[in-house]
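Remember, it's 1-based here, ligands and their atoms both numbered in the order they're listed.
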Amino acid sequence: MGALEVREGFTELYDAEPEGVWAAPGRVNLIGEHTDYNDGFVMPFALPHVTTAAVARRDDGVLRLHSADVPGAPVELRVDDLAPESDRNWTGYPAGVVWALREAGHEVTGADVHLASTVPTGAGLSSSAALEVVVALALNDLYALGLKGWQLARLCQRAENVYVGAPTGIMDQTASACCESGHALFLDTRDLSQRQIPFGLASEGLCLLVVDTRVQHAHSGGEYGRRRAGCEKGAALLGVDALRDIPHDGLDVALAGLAGEEEVARLVRHVVTEDERAERVVSLLESGDIRSIGPILTEGHASLRDDFRVSCPELDLVVDTALASGALGARMTGGGFGGSAIVLTESSDVPTLTQAIEQSFTDAGHRTPRVFEAVPSAGARRLA
Ligand code: ADP
Ligand code: MG
């Protein structure tokens, strides 16, 4: 969906020109899963898939929201009436951003918004963050708020946590706001310090495939909450602020201290080893050795499957089939219980791999997955 189409859509709906057009991408997480609520490391990169928004200011307190993906007229709200958990529809995300900005003391007096997206929704690729961040960036520019990417990300996270009522870490919004083309973003979720890590797949003859299983098992929300609570319990039992504080070489001692707490111990082992895997991936990428991260991705999958227990048959099938067909590494990405997996492969093997994965899904009686190449792309930006 190009800037021009979204601009034209705006003009048709609102009978006026937008003041500008902005885009914010979805993301995949390369490594560092279920670490973001443990103050640990994550490493997302932005997808070429974006949510594009045409926006104009209003000074009468009215907020009108429209998505090309949702049939019907624009939804009209009043900025003074916005209240947490009052909106269970898609409009809760952009309205939540306006609410969070105003709560933080920024004078946003209304807007007309029309948007369209190429980010698959509910596939673990963060269409919700793309939606929030594109609106936040547009309002930041139009109202000259002067907020930086990481600040917008924080406000968007607040919109999603408090206004929408969905508990999520800070990774998705930071990735959408701050990623750079050709790079992955190494983010320390404790202090939000970040580093752009070169991730030039194409020049190495490599490709990273995203496989959207197109399933989302219904219990995923409750399971997320249980994992989160289990991690908090682990930290409390071990006397640390967050599991991030357990060093990798202190893992055995920590696990010994969790005797009788089998489930918590497994969660702790995943988080501590996952942080260490993220650090190993960073050093390999910084030394230009992309191929060698493959086995680390696969290790990460085993840990999510066996210790953290958030995988599912469809995700395991992608990983097993990819590895059996010559992939360098593969793992589930995102929260789990469905959503997407990533596969690192030689570019020349993409057709064979794609075919093998699709065939395995047919054989298992699953719906055909959506397979696409993820080129590390730019973060949120103004298009026009
Ligand atoms: P994910 O972020 O992994 O795609 P979420 O459940 O967090 O999944 O967010 C998906 C929700 O975000 C959708 O159900 C919808 O409410 C909202 N959303 C995302 N993109 C759009 C869009 N382009 N138009 C309308 N709503 C959208
Ligand atoms: Mg989301």
Side-chain angles (χ1 to χ4, degrees), residues 1-3 5-6 9-10 13 21-29 33-34 36-37 42 44 46-47 49-55 63-75 77 85-97 113-136 138 153 156-177 210-225 310 315 332-342 370 372 374 380:
M1 189 73 58
E5 267 172 287
V6 177
F10 182 102
L13 276 172
V21 181
W22 290 260
R27 61 96 190 98
V28 284
N29 191 21
E33 214 65 76
H34 287 279
D36 65 343
Y37 50 85
V42 296
L47 291 171
H49 305 67
V50 290
T51 299
T52 305
V55 183
L63 175 64
R64 291 196 291 181
L65 301 168
H66 188 265
S67 166
D69 304 324
V70 183
V75 171
L77 304 165
E85 304 202 30
S86 61
D87 188 350
R88 291 278 156 217
N89 300 314
W90 75 272
T91 44
Y93 296 90
V97 170
V113 178
H114 169 61
L115 54 91
S117 187
T118 57
V119 186
T121 55
L125 303 175
S126 244
S127 69
S128 62
L131 172 55
E132 292 150 9
V133 169
V134 75
V135 170
C156 290
Q157 185 201 12
R158 192 163 147 71
E160 187 149 347
N161 290 170
V162 181
Y163 197 91
V164 176
T168 58
I170 188 68
M171 165 170 68
D172 299 351
Q173 294 84 359
T174 309
S176 186
V210 173
V211 182
D212 171 10
T213 62
R214 301 166 82 199
V215 294
Q216 191 62 59
H217 295 289
H219 53 279
S220 58
E223 294 288 345
Y224 178 89
V310 289
L315 289 167
M332 54 159 280
T333 182
F337 303 109
S340 300
I342 54 174
R370 183 165 24 201
F372 61 88

>> So, taking the atom named NE2 in H217 and the one named CG in L315, what distance separates them when rounded to the nearest 0.5 Å?
In response: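 Between atom NE2 of H217 and atom CG of L315 there are 7.5 Å.
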> From R214 CZ over to S340 OG, what is the distance, rounded to the nearest 0.5 angstrom?
Replying inline: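 Rounded to the nearest 0.5 Å, the CZ-OG separation comes out at 11.0 Å.
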> How about S117 and T51: does a side-chain donor come under 3.5 Å of a side-chain acceptor?
Replying inline: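 Distance-only check passes for S117 and T51.
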Among all protein heavy atoms in this structure, tell me which lies nearest to [atom], with the distance rounded to 0.1 Å.
{"atom": "atom 24 (N) of ligand 1", "answer": "S67 OG, 2.7 Å"}
{"atom": "atom 27 (C) of ligand 1", "answer": "L131 CD2, 3.5 Å"}
{"atom": "atom 26 (N) of ligand 1", "answer": "W90 CB, 3.3 Å"}
{"atom": "atom 7 (O) of ligand 1", "answer": "S128 OG, 3.1 Å"}
{"atom": "atom 11 (C) of ligand 1", "answer": "Y93 OH, 3.8 Å"}
{"atom": "atom 20 (N) of ligand 1", "answer": "T121 CG2, 3.6 Å"}

>> At less than 4.0 angstrom from any non-hydrogen atom of S117, what atoms of ligand 1 do you find?
In response: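 Contacts of ligand 1 toward S117, numbered from 1: 23 (N).
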> At a 4.0 Å threshold, what atoms of ligand 1 neighbour a non-hydrogen atom of L125?
Replying inline: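 Counting atoms of ligand 1 from 1, those under 4.0 Å from L125 are 3 (O).
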> Using a distance threshold of 2.8 Å, what protein N/O/S atoms lie below it relative to the Mg ion (ligand 2)?
Replying inline: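 As for protein N, O or S atoms lying under 2.8 Å from the Mg ion (ligand 2), they are S128 OG.
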> Any protein heavy atom under 4.0 Å from atom 14 (O) of ligand 1?
Replying inline: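 For atom 14 (O) of ligand 1 the answer is no, since every protein heavy atom stays at 4.0 Å or beyond.
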>> I need the minimum non-hydrogen distance between P120 and R370, along with the two atoms involved.
In response: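 Distance-wise, the nearest heavy atoms are CB-NH2, 3.8 Å.
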> Based purely on interatomic distance, does G124 place a nitrogen or oxygen under 3.5 Å from a nitrogen or oxygen of ligand 1?
Replying inline: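 Yes, at least one N or O pair falls under 3.5 Å.
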>> I'd like to check whether A129 has a polar contact with ligand 1, where a contact means an N/O of the residue lying under 3.5 Å from an N/O of the ligand.
In response: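 No - when backbone and side-chain N and O of A129 are compared with those of ligand 1, no distance drops under 3.5 Å.
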> Between T168 and ligand 1, which part of the residue brings a heavy atom under 4.0 Å of the ligand: side chain, backbone, both or neither?
Replying inline: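 Within the 4.0 Å criterion, T168 makes no contact with ligand 1.
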>> With a heavy-atom distance limit of 4.0 Å, tell me whether D69 approaches ligand 1 through its side chain, its backbone, both, or neither.
In response: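 The part of D69 near ligand 1 is the side chain, not the backbone.
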> Would you say T51 touches ligand 1, if touching means a heavy atom closer than 4.0 Å?
Replying inline: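 No, T51 has no heavy atoms under 4.0 Å from ligand 1.
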> Can you list the residues that meet the ring pair (Phe, Tyr, Trp, His ring centres under 6.0 Å) rule with Y93, with sequence neighbours excluded?
Replying inline: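 For Y93, no residue satisfies ring pair (Phe, Tyr, Trp, His ring centres under 6.0 Å) once neighbours in sequence are set aside.
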>> Looking at D87 and N89, would you say the former's side chain and the latter's main chain have a donor-acceptor pair under 3.5 Å?
In response: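 Yes; at least one donor-acceptor contact below 3.5 Å.
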> What pairs meet the salt bridge (Lys or Arg N to Asp or Glu O under 4.0 Å) rule with one or both residues in residues 159-174, with sequence neighbours excluded?
Replying inline: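 Matches after skipping sequence neighbours: R27-D172.
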> Restricting to pairs with a member in residues 120-132, which pass salt bridge (Lys or Arg N to Asp or Glu O under 4.0 Å), not counting sequence neighbours?
Replying inline: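 Passing the test, one end in residues 120-132: no pairs.
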> Do H66 and F10 make the cut of ring centroids closer than 6.0 angstrom?
Replying inline: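 No; F10 has its ring centre 6.0 Å or more from that of H66.
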>> Determine whether V135 and V133 satisfy the following criterion, side chain to side chain contact (heavy atoms under 4.5 Å, CB included), listing intermediate values before the conclusion.
In response: CA-CA 5 Å; V135 170; V133 169; over 6 Å; no
>> Would you call the rings of Y224 and H34 parallel, tilted or perpendicular, taking 30° and 60° as the class edges?
In response: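 Taking H34 first and then Y224, their aromatic rings sit tilted (interplane angle of 30° to 60°).
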> For L47 and F372, what are the C-alpha separation, side-chain angles and deciding distance, and is it a side chain to side chain contact (heavy atoms under 4.5 Å, CB included)?
Replying inline: CA-CA 10 Å; L47 291 171; F372 61 88; 4.2 Å; yes
>> Using side chain to side chain contact (heavy atoms under 4.5 Å, CB included), reason through T333 and E33 one step at a time and then give a plain yes or no.
In response: CA-CA 7 Å; T333 182; E33 214 65 76; 3.5 Å; yes
> Nearest heavy atom to atom 4 (O) of ligand 1: which of A123, S127, G92 does it belong to?
Replying inline: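 Looking at heavy atoms only, the winner is S127.
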